[in-house]
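Here the structure comes first, spelled out in structure tokens, and everything after it is commentary.
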Amino acid sequence: MPGVAKAPFNNAKADIILCSSDNIYFRVFRCMLALTSPFFEAMFDLPQPKRNHSDDETFDGLDVIRVLETSRTLDMLLRFCYPAAVKDPGLEDMNDVEEVLEAAMKYGMEDVEERLRKAMVAPSLLESNPVHVLAIACRFGLVPEAKIAARYSLRHTAPTKEALTTARLPDNVIQGLVIYRSRCSQAARTLCDNLDWLKQSQTHSFYEWWTNCCPCNSKADVRYLTHGTYPREWWADYMDKTSVALEEFPCGAALMKNLAEAVGRASSCPSCRRRAQDQMVHFTGTFARELDRVIAEVPEWLNSVFVRI
């Protein structure tokens with residue numbers, strides 16, 4: 001005896017049944033399936049053969065259509081198809097996203113597919129495993145989502161070869177991702193070694209603070225020489241540590257890693273303690289925008305990769 005799906009897919013007024021691969025019956029409405037899926041619309045438009053009343057084809061007087069999806073996947077897929085009165089399923093597992101997306105694409109459910117593509121690049125899913133999101137995007141040829149996932153992966157430690165293999169990424173994508181990360185790290189660290197961007201974007205307030213004399217020790221590092229003035233030692237140390245952090249995480253979050261320590265050291269100076277907090281917040285904001293710009297300029301690689309997948 002087959003199982004019965006939970007509400008709303010157990011409606012006695014339904015006019016057709018979908019049977020999942022694990023033998024769960026979903027009582028649904030033809031009109032809902034036809035509206036959301038060209039596949040089912042075409043199926044229902046076909047001339048129907050005479051029924052032989054076999055238990056394999058009908059149940060409780062309704063036609064039964066057997067599908068390959070599990071009851072878990074089918075339940076989530078159908079919830080996307082039903083009216084707003086039925087809430088979209090909460091997709092918190094990338095395996096669920098992959099299974100439902102595959103089904104939506106198979107049945108031509110374009111609206112469902114679009115909503116799933118938005119869901120898979122939501123921060124909650126990207127944060128947990130951007131490489132898995134990248135793998136799914138590559139599998140289904142979703143270039144925009146693949147680019148977002150690749151960019152988001154920079155916030156995490158570089159994935160191990162084992163993790164990349166487990167995610168079932170194609171070899172050319174793995175190679176491209178490694179090269180992309182290396183280029184992003186190089187571009188990020190260049191900002192630490194060349195402060196031309198700072199000279200072009202700084203405010204008068206920052207210039208005044210930078211050149212103001214104070215009891216802090218300075219650090220004679222020509223990389224940070226600006227307006228003929230060497231930086232305060234605590235600021236130079238912050239940049240050195242940030243450069244290392246950007247090697248591992250070429251993203252804005254790396255700029256925050258050593259910020260509190262730098263401001264804490266600045267507070268020991270009677271001159272710096274009054275302005276260091278505000279100036280460093282402004283500086284890191286400018287730094288983050290410049291970092292976003294140079295990362296965005298790293299040459300595209302996914303377009304050519306997708307041609308060969």
Side-chain angles (χ1 to χ4, degrees), residues 68-70 72-73 76-77 80 91-191 244-254 288 291-309:
L68 298 178
E69 288 71 33
T70 66
R72 178 180 177 86
T73 299
M76 290 185 284
L77 178 69
F80 277 110
L91 294 173
E92 300 178 354
D93 187 304
M94 285 309 303
N95 291 319
D96 287 338
V97 173
E98 185 171 12
E99 294 295 332
V100 179
L101 180 59
E102 181 177 22
M105 296 176 79
K106 180 173 75 174
Y107 297 124
M109 297 176 175
E110 294 183 357
D111 179 66
V112 176
E113 178 186 340
E114 182 178 348
R115 288 150 70 190
L116 285 165
R117 291 176 66 169
K118 290 180 179 178
M120 68 187 285
V121 292
S124 57
L125 289 178
L126 276 173
E127 182 61 37
S128 62
N129 197 337
V131 172
H132 196 167
V133 176
L134 176 60
I136 294 174
C138 288
R139 178 187 173 193
F140 296 114
L142 309 178
V143 178
E145 289 75 15
K147 290 180 179 180
I148 293 172
R151 177 71 180 270
Y152 213 94
S153 71
L154 301 177
R155 302 186 184 194
H156 294 247
T157 304
T160 63
K161 184 176 180 179
E162 180 181 1
L164 293 172
T165 303
T166 301
R168 294 174 294 169
L169 279 171
D171 290 341
N172 57 338
V173 176
I174 292 176
Q175 182 181 7
L177 184 61
V178 171
I179 294 173
Y180 172 70
R181 189 182 188 94
S182 176
R183 288 175 175 172
C184 289
S185 295
Q186 183 179 0
R189 294 193 66 176
T190 298
L191 295 179
V244 174
L246 287 170
E247 176 71 25
E248 186 175 7
F249 306 101
C251 65
L291 179 60
D292 284 342
R293 184 187 67 79
V294 299
I295 295 296
E297 291 178 355
V298 172
E300 293 285 358
W301 58 283
L302 277 166
N303 287 331
S304 59
V305 164
F306 269 75
V307 173
R308 300 191 297 271
I309 291 179

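The structure presented is a predicted model; accordingly, all values stated were derived computationally and were not measured.
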Show the atom names and distances, to 0.1 Å, of all donor-acceptor pairs under 3.5 Å that link a side chain in residues 176-183 to residues at least two apart or in another chain.
unit_1 : atom_1 : unit_2 : atom_2 : d
R181   : NH1    : S153   : O      : 3.0
R181   : NH1    : H156   : O      : 3.4
R181   : NH2    : H156   : O      : 2.3
R181   : NH2    : E248   : O      : 2.7

Mind checking the [atom1]-[atom2] spacing from [X] to [Y]? Nearest 0.5 Å is all I need.
X	Y	atom1	atom2	value
I136	M94	CD1	CE	3.0 Å
D93	L125	CG	CG	8.5 Å
R151	D292	CZ	CG	5.0 Å
L126	R155	CG	CZ	8.5 Å

Can you name the closest pair of heavy atoms from [X] and [Y] and give their distance?
X	Y	value
A187	V298	CB-CG2, 4.5 Å
L169	A135	CD2-CA, 3.5 Å
L246	C251	CD2-O, 3.7 Å
L134	A146	CD1-O, 3.5 Å
G252	L291	N-CD2, 3.6 Å

Tell me, yes or no, whether the heavy-atom count around E162 atom CD, taken from other residues, nucleotides or ligands under 6.0 Å, exceeds 12. no

How about R72: does its CZ atom have over 12 heavy atoms from other parts shown lying under 6.0 Å from it? no

As a quick check of understanding, evaluate side chain to side chain contact (heavy atoms under 4.5 Å, CB included) for V133 and Y152, giving each step before the final call. CA-CA 10 Å; V133 176; Y152 213 94; over 6 Å; no

With E114 via salt bridge (charged side-chain N to carboxylate O under 4.0 Å, His left out) - residues at least two apart: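 Only K118 meet the salt bridge (charged side-chain N to carboxylate O under 4.0 Å, His left out) criterion with E114.
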
Checking R168 now: which residues fulfil salt bridge (charged side-chain N to carboxylate O under 4.0 Å, His left out) with it, not counting sequence neighbours? E98

All pairs passing salt bridge (Lys or Arg N to Asp or Glu O under 4.0 Å) where residues 100-112 contributes a residue, at least two apart: E69-K106, E102-R139, D111-R115

Evaluate the criterion side chain to side chain contact (heavy atoms under 4.5 Å, CB included) for residue pair L101 and L142; output intermediate values, then yes/no. CA-CA 11 Å; L101 180 59; L142 309 178; 3.9 Å; yes

Between H132 and N95, is the side chain to side chain contact (heavy atoms under 4.5 Å, CB included) condition met? List the steps. CA-CA 9 Å; H132 196 167; N95 291 319; 3.4 Å; yes

Which is it for F140 and L116 under the side chain to side chain contact (heavy atoms under 4.5 Å, CB included) test, yes or no, and what are the steps along the way? CA-CA 12 Å; F140 296 114; L116 285 165; over 6 Å; no

Qualifying residues under ring pair (Phe, Tyr, Trp, His ring centres under 6.0 Å), relative to F249, sequence neighbours excluded: none

Please identify each residue that fulfils side-chain contact (heavy atoms from CB on, under 4.5 Å) with S124, with sequence neighbours left out.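 If we apply the side-chain contact (heavy atoms from CB on, under 4.5 Å) test to S124, skipping adjacent residues, the hits are A122.
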
Applying the side-chain contact (heavy atoms from CB on, under 4.5 Å) test to V100, which of M76, M105, M120, E113 qualifies?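 Exactly one pass, corresponding to M76.
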
